[in-house]
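Reading through the structure tokens given below for one structure.
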Amino acid sequence: LRKIYYFGGWHNVDHRLVFLHAGKKNVFSDILLSVKREEVAHFLPNYWQISSEKDKLNILLLYALWASVAKFYELSNIDGLRSVLYISAPTGTGKTTVAKVLVKALLKPDGKVGLRFDDTNASLEESLISNKDRPVLVDDFYAKGSKYEDAVARSKVSNITRIVGDGAVKGKMGPDRKPLPDRKYRGAVIATGEYIDLNTQSSYLRCWVMNFPAKSIFFNESLGVLQKTSIAKSFLSAWIAYLEKEQVGICENLAHWHDEAICQVRKRYPKEYPRFQSNVAAFLVLARLFCNFCQIWELPIDSGSIISSIWKEADEQLILLREVSPEQLFKNAVEEALDNAYLRIASNEDSFKNNEY
């Protein structure tokens, strides 16, 4: 008897987590892992040379690594990093090129790089379900067209951020009219675009936004090496092999590590949003795992620099979240009305409803 897995990612096999991929016996998947020690050693020195924005590169890498750690958070019943990573930059900056280096690394040569934003909501949902445990890319996050097209695009943006933020896709009925099982989602969605406009603070809380300035990404030899060789594949494959080997210790200690990180975050940001605090704490735990991985593989790493990047980018997120808070939006609206001399105050509710106040 043979059991064939049509699945890529974490799966319980004989009471142990195994990352299934096309290189394993009896597995059909578009994921392919391959570890070559000499290639693993060359990834980080090249990766850190592709942009002047080193802090953002650190966050992008940790977020890509999060995709394969999410399963452990799920087993520990911890929310973790449930946010879309949004990269905004002017056209031609190279934001999509950099994201693809990490997304393509786990795929076979003919594998699907990302989600098509012109797909239907239902198709996007099923794509997310089938792409658990790995980073996926949504390029050009917004439509540029009629009001109808923009409205449809906003609906998809809201849907994707909700799925990632809530860790689940809405229920769906099977052919026997019974709800399909396992509609949970875990993984990482990297979205790119020229700008970001999510309407509500709730949606922004489900995103981690990074802005790459023009000319901050270098189309240099290092980027060419990352694109044309398999060193990114070897690096991410080695990371998954590390998680697979260390899974018992990770599962035993993850809740404790996360609690420690939450305490650090609350000390620094005592009155901020719980979802924001959880996101920052997850990045800190990822940094801990990443530094341990680098130590085992004898890779050069400055743990202090990684932690510093997390705090710096967290401060940037807070500035954005405060700008889009209901209180700030209301304040901006009143100030604009006063500046333009069209503020009218209704004396009662009926007047407000029946007139333009």
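Bear in mind the structure is a predicted one, so any value in this text is a computation, not a measurement.
Taking the centre of each ring, Y73 and W66 come in below the 6.0 Å mark.
Look at K54 and D302 and you find no salt bridge, because none of the NZ, NE, NH1 or NH2 atoms lies under 4.0 Å from a carboxylate O. Using a cut-off of 4.0 Å between Lys/Arg side-chain N and Asp/Glu carboxylate O, E336 and K331 are scored as not salt-bridged. Between D166 and R82 there is no salt bridge, since no side-chain nitrogen of the basic residue lies less than 4.0 Å from a carboxylate oxygen of the acidic one. In this structure, K353 does not pair ionically with D350, as no charged nitrogen and carboxylate oxygen lie closer than 4.0 Å. The existence of a salt bridge linking D139 and K100 is excluded, since no basic side-chain nitrogen approaches an acidic carboxylate oxygen closer than 4.0 Å.
Checked against side-chain hydrogen bond (donor to acceptor under 3.5 Å, both in side chains), E125 has the following partners two or more places apart in sequence or in another chain: N159.
Between the side chain of R186 and the backbone N or O of F72 there is no donor-acceptor pair closer than 3.5 Å. A donor-acceptor pair under 3.5 Å links the side-chain atoms of Q247 to the main chain of L17, judged by distance alone. S127 places a side-chain N or O within 3.5 Å of a backbone atom of S123 that can act as its donor or acceptor partner.
Looking at S88, S51, P90 one by one, the single match for side chain to side chain contact (heavy atoms under 4.5 Å, CB included) with F212 turns out to be S51.
Using cut-offs of 30° and 60° on the angle between ring planes, the pair Y6 and F28 is parallel. Taking the six-membered ring for Trp and thresholds of 30 and 60 degrees, F283 and Y63 have ring planes inclined between 30 and 60 degrees apart.
Cluster membership for L286 and I78, using ILVMFWY side-chain heavy atoms within less than 4.5 angstrom, is shared.
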Could you go step by step and tell me if S52 and F218 meet the side-chain contact (heavy atoms from CB on, under 4.5 Å) rule?
CA-CA 8 Å; S52 58; F218 309 138; 3.6 Å; yes

Listing, residues 291-301 side-chain donor-acceptor contacts under 3.5 Å, not counting sequence neighbours, or none:
| unit_1 | atom_1 | unit_2 | atom_2 | d |
| --- | --- | --- | --- | --- |
| N292 | OD1 | Y242 | OH | 2.8 |

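Applying the side chain to side chain donor-acceptor pair (under 3.5 Å) definition to pairs two or more places apart or across chains, those involving residues 11-27 are R2-N26.
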